[in-house]
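Scroll down for the structure; my scribbles are underneath it.
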Amino acid sequence: TVTIKNNGTGTAYGATGSDTLPSGIAWSISGPANGWSIVNGVLTFGPADLAPGASASVTIVGTTDAADCGVVPNTVTVDAANESNDAAITDDNSASANVTVECPDLDVDKVADDGTISAGEVAAFSIVITNIGDGMAYDVSLTDTLPSGVAWNVDEVAFDGVAVADPDALCSITGVTLSCPDLGDLAPDAEISIAVSGDTDLDDCGTLMNSVVVDATNESNDAAIVLNNSAMASVVVDCPALAIDKDADHVDPVIIGGQIGFTITIKNNGAGTAFGVTVADTLDPDFTWSIATPSTGWSLVGNALSFSGNLAAGATSSVHVVAPTTIGDGDQCGLVPNTAVLDHSSIDPTPASASEAVRCPDTDITKTADDDLVEPNQTVTYTIKVKVVDGPVTDAVVTDTLPVGQTYVTGSASPAPASVSPDGRTITWTYASLATGDPAATITYDVTIDANASGAAQQNRAELCVAEEAVDCVDAIEIVTPQ
């Protein structure tokens with residue numbers, strides 16, 4: 001409001017007023033003009049006569065914008081044709097007033113709720129808009145380019161910590177663009193917070209970048225002001241890298257009667273947790289399987305071994321399954337192959353195989369003489385043959401017992417025996433190991449029929465025993481009859 005007044009006792013003739021108004025604002029007179037007018041940005045009065053004590057006031061208004069932020073100064077000067085030039089009289093012929101235009105300064109911050117997650121977990125961002133300026137921010141808006149490939153949701157919109165009932169009424173997501181076109185006005189130091197989230201999957205592995213921009217209709221475009229109107233944040237989505245390995249307990253075959261087993265190990269070599277990992281393994285039904293030591297996630301029902309669970313980055317999970325073998329069960333002899341299959345959404349089904357071998361050794365022994373009908377003092381040659389099936393067998397011992405009426409011919413045996421009893425009737429051969437063969441070993445030796453041998457049949461018995469408990473001792477009998 002500008003007022004020109006005659007404070008003197010005489011009429012002020014040709015009184016004038018002049019006020020160059022601040023540029024950049026469209027000024028207008030509000031209310032009665034009272035002799036005042038605006039021409040080309042200058043507010044003027046008169047010339048007009050003012051009686052003693054008379055005054056003329058005018059109110060001018062203008063709408064500011066961001067370009068007007070700061071102090072808006074204004075000075076008016078008045079004069080009259082008959083006013084003295086004495087300084088004491090003219091010292092009030094000008095007056096100044098300032099209007100401070102307070103402007104907003106929006107600051108936006110965006111952070112990931114969790115900067116590193118595993119594929120399958122929720123990616124979430126929190127956005128906070130704060131008015132750090134001195135003036136009200138009008139018609140605040142936000143645009144946010146979200147990472148593609150994720151179905152994003154607006155979880156919350158809150159003003160100074162108070163959430164609105166329907167966030168979708170203020171913000172919407174179209175494609176990958178989050179738009180909040182009218183968040184209303186924001187007072188100094190007030191804030192608006194927005195939360196968005198979406199489920200990730202294996203296609204999102206890597207870094208999800210996100211940028212947001214905010215604005216207000218009355219915020220300055222000055223680079224120093226709008227520098228904080230944008231922000232970026234990212235979420236690293238880590239993915240798993242799964243592998244499976246299967247090992248048999250033994251490299252060499254297991255002799256029937258022993259225990260066989262397998263160890264299955266799965267490992268996550270990736271940086272992200274693997275959710276919903278499964279392993280399926282159908283074990284040989286000819287055996288009775290058990291888990292040697294309980295292991296989390298693994299179960300065995302009948303001969304169906306399985307795993308179900310999550311596997312953290314760098315983690316491994318192993319299970320050891322075992323089964324006894326039964327002497328006499330021919331179905332368990334031979335190769336016992338096994339395959340476990342690892343499955344997860346990140347990979348194709350991945351098999352791992354290993355085999356145990358069950359060895360079922362067997363032996364037989366035969367004994368023959370080169371003559372069945374013999375004469376006194378005759379030399380008879382015996383031949384012993386050892387048969388080994390699915391060898392080797394170890395610590396084999398062949399024991400031959402001569403009947404009364406026969407005498408061993410010293411030095412005749414091939415190979416030489418390990419021992420001969422003092423009476424010469426028990427001859428023993430030993431073998432550390434005998435491989436599969438028919439024959440696996442052949443023994444020959446000579447006896448002399450005693451001069452006084454009667455006509456009774458002479459029974460000669462050879463026996464074979466081995467260390468393997470699965471193999472029984474076997475024997476063979478040969479009969480010669482003196483004439």
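Quick note: residue numbers are just sequence positions, from 1.
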Please find the pair of heavy atoms, one from [X] and one from [Y], that lie closest to each other, and give the distance.
{"X": "V319", "Y": "I291", "answer": "CG2-CG2, 3.8 Å"}
{"X": "P337", "Y": "S355", "answer": "CA-OG, 3.4 Å"}
{"X": "G257", "Y": "I327", "answer": "CA-CG1, 3.8 Å"}
{"X": "D281", "Y": "T339", "answer": "OD1-O, 3.2 Å"}
{"X": "A124", "Y": "S197", "answer": "CB-CB, 3.9 Å"}
{"X": "A119", "Y": "C239", "answer": "CB-SG, 3.7 Å"}

Evaluate the side-chain proximity of [Y] to [X]: yes if any heavy-atom separation is below 4.5 Å, no if none is.
{"X": "D390", "Y": "D362", "value": "no"}
{"X": "V235", "Y": "D114", "value": "no"}
{"X": "E468", "Y": "T363", "value": "no"}
{"X": "W152", "Y": "L178", "value": "no"}
{"X": "S317", "Y": "S295", "value": "yes"}
{"X": "D249", "Y": "H320", "value": "yes"}
{"X": "D144", "Y": "I194", "value": "no"}
{"X": "W298", "Y": "V321", "value": "no"}

| Can Y445 and D400 be counted as having a side-chain donor-acceptor contact under 3.5 angstrom? |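 Looking only at side-chain atoms, D400 and Y445 do form a donor-acceptor pair, the distance falling under 3.5 Å.
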So does [Y] get a backbone contact from the side chain of [X], meaning a donor-acceptor N/O pair under 3.5 Å?
{"X": "Q458", "Y": "P403", "value": "no"}
{"X": "H344", "Y": "G276", "value": "no"}
{"X": "E102", "Y": "M136", "value": "no"}
{"X": "D475", "Y": "A462", "value": "no"}
{"X": "N131", "Y": "D105", "value": "yes"}
{"X": "N268", "Y": "G270", "value": "yes"}
{"X": "T217", "Y": "Y138", "value": "yes"}
{"X": "Q332", "Y": "T326", "value": "yes"}
{"X": "R461", "Y": "T399", "value": "no"}
{"X": "E219", "Y": "L106", "value": "yes"}

| query | Considering the options L208, D199, D203, V176, which one meets the side-chain contact (heavy atoms from CB on, under 4.5 Å) requirement together with V150? | reply |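 The option that passes is L208.
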| Option from V447, V480, T448 for which side-chain contact (heavy atoms from CB on, under 4.5 Å) with V374 holds |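 Result: among V447, V480, T448, V480 is the only option passing the side-chain contact (heavy atoms from CB on, under 4.5 Å) with V374.
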| task | Could you walk me through whether I266 and T316 pass the side-chain contact (heavy atoms from CB on, under 4.5 Å) test, one step at a time? | result | CA-CA 6 Å; I266 55 175; T316 61; over 6 Å; no
Roughly how far, to the nearest 0.5 Å, is [atom2] of [Y] from [atom1] of [X]?
{"X": "M232", "Y": "M209", "atom1": "CE", "atom2": "CE", "answer": "3.5 Å"}
{"X": "D201", "Y": "F275", "atom1": "CG", "atom2": "CZ", "answer": "12.5 Å"}
{"X": "T383", "Y": "D370", "atom1": "OG1", "atom2": "CG", "answer": "7.5 Å"}
{"X": "I192", "Y": "I127", "atom1": "CD1", "atom2": "CD1", "answer": "11.0 Å"}
{"X": "D215", "Y": "T143", "atom1": "CG", "atom2": "OG1", "answer": "8.5 Å"}
{"X": "N377", "Y": "N452", "atom1": "CG", "atom2": "CG", "answer": "9.0 Å"}

| request: Decide side-chain contact (heavy atoms from CB on, under 4.5 Å) for Y408 and L402; before the verdict, give the C-alpha distance in whole Å, the side-chain angles of both, and the deciding distance to 0.1 Å. | output: CA-CA 8 Å; Y408 170 63; L402 301 180; 3.7 Å; yes
| field | Test log, rule side-chain hydrogen bond (donor to acceptor under 3.5 Å, both in side chains), inputs S179 and S172 | value | CA-CA 5 Å; S179 178; S172 62; 5.2 Å; no
| field | From CA spacing to verdict: side-chain contact (heavy atoms from CB on, under 4.5 Å), T444, S414 | value | CA-CA 5 Å; T444 61; S414 177; 3.8 Å; yes
| message | Show every disulfide bond (SG atoms under 2.5 Å apart) that has at least one partner inside residues 301-407, sequence neighbours left out. | response |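 Checked against disulfide bond (SG atoms under 2.5 Å apart) - neighbours excluded - the pairs reaching residues 301-407 are C333-C360.
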| message | Would you say CD of Q259 has more than 12 non-hydrogen atoms from neighbouring residues, nucleotides or ligands within 6.0 angstrom? | response |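 It does: Q259 CD has more than 12 such atoms within range.
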| request: If a pair satisfies side-chain hydrogen bond (donor to acceptor under 3.5 Å, both in side chains) and one of its residues is in residues 427-439, list it, with sequence neighbours excluded. | output: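 Applying side-chain hydrogen bond (donor to acceptor under 3.5 Å, both in side chains) to every pair that reaches into residues 427-439, excluding sequence neighbours, yields nothing.
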| Worked check of side-chain hydrogen bond (donor to acceptor under 3.5 Å, both in side chains) between T379 and D446 | CA-CA 6 Å; T379 298; D446 295 339; over 6 Å; no
| request: Evaluate side-chain hydrogen bond (donor to acceptor under 3.5 Å, both in side chains) for E121 paired with T200, printing each intermediate quantity in order. | output: CA-CA 6 Å; E121 293 183 315; T200 62; over 6 Å; no
| task | Test I256 against R359 for side-chain contact (heavy atoms from CB on, under 4.5 Å), laying out the working first. | result | CA-CA 6 Å; I256 191 76; R359 191 162 60 86; over 6 Å; no
